There are 2 protein chains.
Amino acid sequence: MPVAVSATLAANEALARKRGAGEPVLPMAFGEAGLPVHPELRAALTDGSEYGGYGPVAGSSRLRDAAAGYWERRGLPTDLELVVAGPGSKPLLYSLLLGIGGDVAMASPSWVSYAAQTQLAGREPVFVPTPPTQGGVPEPDLLAQAVREARGRGRSVRAVIVTQPDNPTGTLATRDTIQRLAEVARELDLVVISDEIYRDLVHDPTVSVTSPAEFAPERTVISTGLSKNLALGGWRLGIVRLPDSPLGQRLHAELVGVASEIWSSPAGPIQHAAAYALDEPRELVDHIHRSRRLHGIVAHAVADRFAAAGVLAVPPQGAFYLYPDFAGWRDQLAGNHGVATGADLAAFLLENFGLGVLPASEFGEGTEALRVRASVSLLYGDTEAQRYAALAAEDPLALPWVRQHLDRLTEVLAMAGRGCAVTC
Amino acid sequence: MPVAVSATLAANEALARKRGAGEPVLPMAFGEAGLPVHPELRAALTDGSEYGGYGPVAGSSRLRDAAAGYWERRGLPTDLELVVAGPGSKPLLYSLLLGIGGDVAMASPSWVSYAAQTQLAGREPVFVPTPPTQGGVPEPDLLAQAVREARGRGRSVRAVIVTQPDNPTGTLATRDTIQRLAEVARELDLVVISDEIYRDLVHDPTVSVTSPAEFAPERTVISTGLSKNLALGGWRLGIVRLPDSPLGQRLHAELVGVASEIWSSPAGPIQHAAAYALDEPRELVDHIHRSRRLHGIVAHAVADRFAAAGVLAVPPQGAFYLYPDFAGWRDQLAGNHGVATGADLAAFLLENFGLGVLPASEFGEGTEALRVRASVSLLYGDTEAQRYAALAAEDPLALPWVRQHLDRLTEVLAMAGRGCAVTC
């Protein structure tokens with residue numbers, strides 16, 4: 001599991017080195033929202049600074065009540081006794097996997113940590129392809145087939161993970177796919193873990209996410225957090241909503257038991273600020289609205305630049321990622337640069353052009369896939385003032401620093417495509 | 001592992017119920033420092049509220065540098081590249097155990113989570129008795145014998161955990177014992193995990209803790225945090241210092257790898273405040289000095305009350321615990337109340353007298369042991385004003401609310417001892 005760390009770290013370190021040497025860089029490897037902390041959130045943290053004592057393992061009832069309200073406003077009635085908060089959704093997910101205690105089906109590609117955590121918990125990931133243009137959701141028929149095949153080999157597959165909108169592809173499954181996924185999960189008695197951490201970052205405000213909890217409420221665990229919509233990855237606050245069923249009660253007991261031994265509780269002051277955020281006051285709703293608009297505009301502009309260079313990506317619908325496919329360049333990459341794998345491609349783009357991306361193999365795809373995840377959120381500016389300006393701009397693409405990044409991307413793709421590499 | 005949670009939770013819930021019903025309670029079950037957050041720490045947290053982005057997995061270099069300085073001032077030169085911070089020392093310890101990957105020797109009694117975490121990591125705890133009056137350290141000869149015996153059974157024992165000062169006994173090992181422990185660890189090739197989270201709470205300021213790192217620097221991992229000395233359990237910040245050796249390098253890589261998959265990093269604003277704390281500014285040093293003086297005075301007074309009732313405890317030397325032994329009452333407890341085990345005893349004291357303590361069985365001792373851990377730190381006051389007054393008092397025992405708690409303890413022990421229980 002240290003591999004995933006190393007790929008991101010290696011990219012960050014190489015980018016820092018190039019930046020230090022005055023070379024141009026395009027930092028698109030790291031999945032960080034890249035936006036400032038809202039001032040009212042900072043004030044809420046200050047208000048919470050008195051909370052020095054140990055609190056309840058699952059989080060304060062104030063926080064869990066706010067989380068229940070958040071889900072209720074999305075059509076998902078929630079009992080606060082079935083909400084558990086933790087220092088990020090990562091530890092919650094890991095502890096769930098420990099509690100569930102079986103192999104885990106997931107999409108190929110899918111977020112790096114699902115497979116790594118499954119292995120850390122002593123289990124095996126079962127990778128399942130996704131429907132075309134609907135990343136994050138294992139194709140339901142292929143899921144059924146893969147689970148039956150694994151069970152035939154004596155493996156105990158007990159859960160499936162779904163991500164909407166998806167990391168790494170930025171796409172969104174249809175309501176029909178989610179319904180079929182839920183049916184298959186029920187048929188095969190799988191717990192559905194629905195990672196909805198990007199839910200509020202669907203670009204089109206008229207499009208909403210369908211949770212598997214709508215179709216299989218008795219078996220769906222939803223996880224989310226503040227890291228993406230409020231750009232608070234560094235504050236470490238995640239929450240899960242367990243199903244209101246005997247299964248949910250059991251998972252709750254197991255999760256709280258594991259949580260009490262691994263991390264005790266989320267940090268008190270952070271919980272206080274998170275409760276304020278999950279109440280969704282007007283100023284934060286506006287902030288998130290501006291964020292998702294910005295993510296969408298830049299992600300589409302970046303997709304256009306890739307497409308213009310002959311590198312296609314499924315149009316992103318949410319989050320701040322896209323997943324371009326360099327398959328059309330395969331021959332010239334191999335012939336001119338000895339680039340045969342996704343990892344070769346990422347290294348080639350990083351070393352020669354300072355373009356940081358992560359190869360498909362980091363997301364559970366085969367080494368030969370020439371796809372990469374490009375994150376657009378670190379292109380909004382290098383200073384807090386620039387990022388605020390990007391959030392506020394009617395047309396963020398007109399801002400000089402954003403345009404420069406996009407033009408540099410076009411330039412890099414042109415150079416990489418015509419094979420001049422280092423010597424250009 | 002949910003058992004340990006349940007014991008504390010059950011005690012807390014029963015105490016809350018009794019409090020709600022207007023009955024007198026003595027909350028001595030929970031290991032919380034029970035003191036207010038220093039105002040300068042709150043200010044430092046506010047200063048850190050801008051840190052919303054993901055930071056380095058091991059913690060910021062500012063924080064790791066402050067931690068290195070903390071250890072250097074205690075005679076332990078420290079490379080900041082070998083410091084890892086996490087959301088509490090618990091997740092760091094768990095991840096170390098996962099990385100070390102073998103059974104773990106520990107003292108009987110010892111802190112509840114060592115054994116629980118070992119089991120969660122799929123390994124077995126090997127309990128070893130401690131030298132008389134020196135809790136927290138497995139008796140070195142018995143350790144060697146137990147490890148050889150376990151290895152003879154085909155078990156792979158790879159680490160030993162040491163706690164100084166100790167939870168649950170509040171005692172401190174001698175320098176000689178630590179030296180012998182370190183020698184045995186080297187002889188048997190064991191990693192030594194030295195939990196020094198109570199190091200700054202030795203009651204006598206002229207007595208200092210000997211770390212196994214002084215004798216076996218190549219194999220000793222030291223862990224600590226802000227939860228106890230600064231009463232910041234709810235802020236969740238722990239740090240470990242890995243040995244400067246090939247082993248230390250390997251453990252560092254494994255720990256950071258696991259950390260990156262389970263929790264990413266400690267919360268940014270908390271890291272900022274922790275760096276301020278680990279720099280040990282004068283105002284915090286004074287605060288800790290007053291805290292440890294208060295813990296010592298009250299712990300000794302509580303020990304005296306137990307002793308006066310014929311219940312002996314080894315005199316505590318650090319932290320805010322004592323570990324009284326009701327063995328002298330065994331016959332009358334069994335005859336009058338059907339109390340045969342430590343768990344019976346804790347339930348008897350809780351249900352009949354509102355005295356919350358944890359039985360020895362929670363700390364890895366046999367069920368028949370009539371010892372309990374009594375934590376004194378929630379006797380300092382029910383309000384922040386009372387706790388500040390206790391910290392400032394020349395003679396905290398003269399404060400009416402502290403005296404009332406002590407007198408209530410004497411009364412409870414008299415009632416419990418003469419067998420009148422509920423009907424008194």
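Computed from a predicted structure; not experimentally measured. Chain identifiers are assigned alphabetically (A, B, ...) following the order of the sequence lines, protein sequences preceding nucleic acid strands; residue numbering begins at 1 within each chain.
- A donor-acceptor contact shorter than 3.5 Å is absent between the side chain of B/Glu50 and the backbone of A/Val37.
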Take A/Leu45 and B/Leu45 through the test side chain to side chain contact (heavy atoms under 4.5 Å, CB included) and record every step on the way to the result. CA-CA 8 Å; A/Leu45 186 73; B/Leu45 186 73; 4.3 Å; yes
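- Within the 4.5 angstrom heavy-atom criterion, only side-chain atoms of A/Leu98, from C-beta onward, approach chain B.
- Residue with the most contacts toward chain B among A/Leu92, A/Leu230, A/Ile262, A/Thr46: A/Ile262 (heavy-atom pairs, distance under 4.5 Å).
- Of the listed residues A/Pro91, A/Gly238, A/Gly34, A/Ser227, the one with more heavy-atom pairs under 4.5 angstrom with chain B than any other is A/Pro91.
- Heavy-atom distances place both the backbone and the side chain of B/Leu232 under 4.5 Å from chain A.
- Residues A/Pro269 and B/Trp235 share a closest heavy-atom pair of CG-NE1, 3.4 Å.
- Proximity to chain A is limited to the backbone of B/Pro266, based on heavy atoms less than 4.5 angstrom apart.
- With chain A as the partner, the residue from B/Gly48, B/Gly55, B/Ser264, B/Gly268 showing the most heavy-atom pairs under 4.5 Å is B/Ser264.
- Listed here is the closest heavy atom pair of A/Arg42 and B/Ser49: NE-OG, 2.8 Å.
- B/Ser265 is listed as a side-chain neighbour of A/Arg236, based on a closest heavy-atom distance under 4.5 Å.
- Between chain A and the residues B/Gly88, B/Gly53, B/Ala273, the most heavy-atom pairs under 4.5 angstrom are made by B/Gly53.
- With hydrogens and angles disregarded, a donor-acceptor distance shorter than 3.5 Å links the side chain of A/Gln117 to the backbone of B/Glu261.
- No side-chain heavy atom of A/Trp263 sits less than 4.5 Å from a side-chain heavy atom of B/Tyr94.
- Not one N or O on the side chain of A/Lys90 forms a donor-acceptor pair closer than 3.5 Å with the backbone of B/Ala259.
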